[in-house]
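In what follows, chains carry the letters A, B, and so on, assigned in the order in which the sequence lines appear, proteins first and then strands, with residues in each chain numbered from 1.
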Protein chains: 2
Amino acid sequence: MDKQIDQSTTNPQASRKSTGLRQVAAVAGVSTATVSRVLNNPESVSEGLRTRVLMVIDQLGWVPNAAARALSSNRTGAIGAIFPALGVGDFARAIDAMQDALAARNYLLLLARSRYDAALELVQARKLVERGVDGLILVGSTRSQDYEQFLRRLSIPYINSFVFDADSAIPCVGPDNARAMAEMVDYLVSLGHRRFGMIAQTNRNNDRAAARRDGVRDALARYGLAIPPQAMVEGEWSIAEGRKLLRQVLATSPRPTAIICGNALLAIGAVLEAAEMHIVLPRDLSIVGYDDTELMSELPQPITTVRVASDRVGKLAADLIVDMLEGQTSVSGARIPSEIVVRSTTGPAPQD
Amino acid sequence: MDKQIDQSTTNPQASRKSTGLRQVAAVAGVSTATVSRVLNNPESVSEGLRTRVLMVIDQLGWVPNAAARALSSNRTGAIGAIFPALGVGDFARAIDAMQDALAARNYLLLLARSRYDAALELVQARKLVERGVDGLILVGSTRSQDYEQFLRRLSIPYINSFVFDADSAIPCVGPDNARAMAEMVDYLVSLGHRRFGMIAQTNRNNDRAAARRDGVRDALARYGLAIPPQAMVEGEWSIAEGRKLLRQVLATSPRPTAIICGNALLAIGAVLEAAEMHIVLPRDLSIVGYDDTELMSELPQPITTVRVASDRVGKLAADLIVDMLEGQTSVSGARIPSEIVVRSTTGPAPQD
DNA sequence: TTGTAAGCGTTATCAA
DNA sequence: TTGATAACGCTTACAA
């Protein structure tokens, strides 16, 4: 009796440890090294042993312990990404694509959110590094000194996304925000517009928004034009703000004939508010946005906007960082092209 | 000279290993156990040593290695969550709140996406468990046999979110989907509606959508009413589908006077399409949605809908799973209340 | 309150 | 191709 009861506890093989690589090795009658090789370097094991080990693994239902693996190999197979927001337009699409691309190459995506807060972003980066991510995907390219220093000391690769700078020392994957906006300005000027307003996305810790604003400013300057300070306002990311800010911009005199919005929701808000003010687009006013979400084309008045293939940003960023880790020779960034999608909110400038 | 130059490389202390807990201990003149305690159980260390150790940690810029920690303690401090989609309405809000709540309690959120695919969800769950998550937050409560078995064998806790079932053996945090819809039906019936149509979200691997549909059906049955098969259609999650399906439902005869949509985008599409068909809401037709995104109230015609505090779902789910891990006594689920938000798309049923 | 030292479950080096 | 065995960087009995 006693013996039977105690068996599971006293039997050294059974009791010592739950199923682990050691147990697999014991049952298969091979060394632990061989089991490990079957997983990480199957070609280096003879076929006979390989199939035998795989059978035992399956039979025992063994699942390797990621922590032990990470500790021993100094790699986790996880990539960290820090986004200002996760559920928002282009980021959401990029994240989906990124996750798929990483999964396809057997990496896990660890997501963090910085809320457009520089200090929080550094905290998040630290946490991800603690977790042992093998690489880091960041958004933008402008950072604090502390942050720069932290990154430089890192022994893991990282890249910038949603920006593109050919001269950057670290790889970038994204659109050229300034250029995209410059193209939009070219288009509007070609329609005869000379008086502009802008409902920009706030610049706070957002170099993409800043680049878009600069792109507009510089492009206008090339035509000898400028946006008067009162007609240049900023908001975050909401329809309500777009509505409010449109009224603000239209209150300036002389009234702009074209208004450039810094993101999709601001543009939607502006267009909806214009309708409520009985302003007819594009007869009385042209409005454009940035980012081409489903809403931009499905609302009663489809909105002219800049389209960036965010899913390509995500996929390429993921592939790039993995390439860097796996020692590909040619790892450089990529400029994701942007295009102007002309819809019904833009037309010739009204005659004075 | 030589000595100075070589110091950093030959000094055994400096060269042997990069900064680790051992080095911190050496520099602070304490044992490794004390350093560990300072991090994990600060009260058990005298104040003098504690501050000394903390200074050294800061000075050396030491970052603990999560893998080693996990291996040694058998806890990772990570919670896994699997959502059908990440960037969509209520899930996006819940994820944000979840992440904040977990961070506040020093846990990391590991996100995975199942795309409403049952097989993929099980794969994701396996991966998260391999990674060593301490707990799992799932969406819904209906799963395949394999999946159920996998979860039962797990030694870590898990919970269901976005559903509520008081009788469930495992904790649920979410709204009562059926009840929310039943309340909507009560409201519409009280307005005199008797002929209903439904643009449901597809049921495929989505027990929330199924519950909402059942909720509508059962509530109508209590009034002796039913939706004819042709007036019951389903779509995924897009404005375009909402538009198309509205036409389909309105083509049935007799024409419904009230149409219930299974999610926000379907409702928005239906309302926009109605406007294009010159159908005046709510005079000619009432339309309601589910989920209260910003768009539901900001579009030209604000839409009557069900509001669920998704951020509370996220926060409570996070707190609940951590409570379970930290051995709180009373861990039970929570029903998150829902409410009907009446806007301009609903009114008395038109007279025949 | 503090220290000693034995793991935790893998990988990877070296020999065979 | 395979096997022994020493790390990997922490946590945690147990002892002092």
Side-chain angles (χ1 to χ4, degrees), chain A residues 12-13 15-54 56-57 60-78 129-132 134 155-156, chain B residues 12-13 15-54 56-57 60-78 106 129-132 134 155:
Chain A
Q13 286 176 15
S15 69
R16 263 180 86 154
K17 29 202 78 183
S18 61
T19 87
L21 177 148
R22 275 186 175 93
Q23 199 185 80
V24 173
V27 174
V30 300
S31 71
T32 59
T34 296
V35 177
S36 178
R37 283 188 199 107
V38 167
L39 259 63
N40 302 305
N41 207 2
E43 312 81 41
S44 71
V45 179
S46 67
E47 189 176 336
L49 279 192
R50 198 191 316 154
T51 48
R52 173 142 51 107
V53 169
L54 285 174
V56 174
I57 288 177
L60 264 50
W62 172 60
V63 174
N65 177 315
R69 201 168 215 179
L71 183 58
S72 187
S73 67
N74 208 27
R75 284 175 292 107
T76 56
V129 170
E130 267 185 58
R131 292 280 164 184
D134 294 338
S155 52
I156 60 171
Chain B
Q13 287 176 11
S15 67
R16 264 180 86 152
K17 29 200 77 181
S18 61
T19 84
L21 177 147
R22 277 187 174 90
Q23 199 185 80
V24 172
V27 174
V30 299
S31 71
T32 58
T34 298
V35 176
S36 178
R37 285 187 197 108
V38 167
L39 259 64
N40 302 306
N41 207 3
E43 313 81 40
S44 71
V45 179
S46 67
E47 189 176 335
L49 279 192
R50 198 193 315 152
T51 48
R52 174 140 54 106
V53 169
L54 286 174
V56 174
I57 289 177
L60 263 50
W62 173 58
V63 174
N65 178 316
R69 201 170 216 178
L71 183 56
S72 185
S73 66
N74 208 27
R75 286 175 289 108
T76 57
N106 263 307
V129 170
E130 272 184 50
R131 291 278 166 183
D134 293 337
S155 53

Without decimals, in angstroms, what is the distance between E47(B) CD and dT2(C) C1'? 17 Å
Considering non-hydrogen atoms only, spot the tightest contact between A28(A) and V56(A) and give its length. CB-CG2, 3.8 Å
If I take atom CG in residue L71(B) and atom P in nucleotide dG7(C), what distance separates them, rounded to the nearest angstrom? 14 Å
Rounding to a whole Å, what distance do you find between R50(B):CZ and dT2(C):C1'? 14 Å
Once you build an axis from the first five pairs and another from the last five of the helix from dT1(C)-dA16(D) to dA16(C)-dT1(D), how far apart in angle are they, to 10 degrees? 30°
Specify the closest pair of heavy atoms between W62(A) and V35(A), including all atoms of both residues, with the distance to one decimal. CZ3-CG1, 4.2 Å
Could you state the atom-to-atom distance from CD of E43(A) to P of dT1(D) in whole Å? 10 Å
Which value, rounded to the nearest 0.5 Å, describes the distance between I57(B) atom CD1 and L39(B) atom CG? 5.0 Å
One should read off an interatomic distance between S36(B) OG and R69(B) CZ, to the nearest 0.5 angstrom, of 7.5 Å
Shortest non-hydrogen contact between R75(A) and D134(A), atoms and distance: CA-OD1, 3.5 Å
From CD of E130(A) across to P of dG9(D) the rounded distance in Å is 15 Å
So which heavy atom on A67(B) is nearest to which on N65(B), and how close? N-OD1, 2.7 Å
Nearest heavy-atom pair of T76(B) and R131(B): which atoms, and what distance? CG2-O, 4.0 Å
Would a distance-only check, ignoring hydrogens and angles, find a side-chain to backbone donor-acceptor pair under 3.5 Å from R37(B) to V45(B)? no
Quick one: closest heavy-atom pair of A66(A) and E130(B), and the distance? CB-O, 3.3 Å
What's the CG-P distance between L60(A) and dG9(C), to the nearest Å? 14 Å
Going 5' to 3' through nucleotides 11-16 of chain C and flagging B where a protein heavy-atom sits under 4.0 Å of the base, S where only the sugar-phosphate is that close, and - otherwise, we get BBB---
Starting at atom CZ of R22(A), determine the distance to atom P of dT10(C), rounded to an integer number of angstrom. 8 Å
Whole angstroms only, please: what is the CG-P distance between N74(B) and dT10(C)? 12 Å
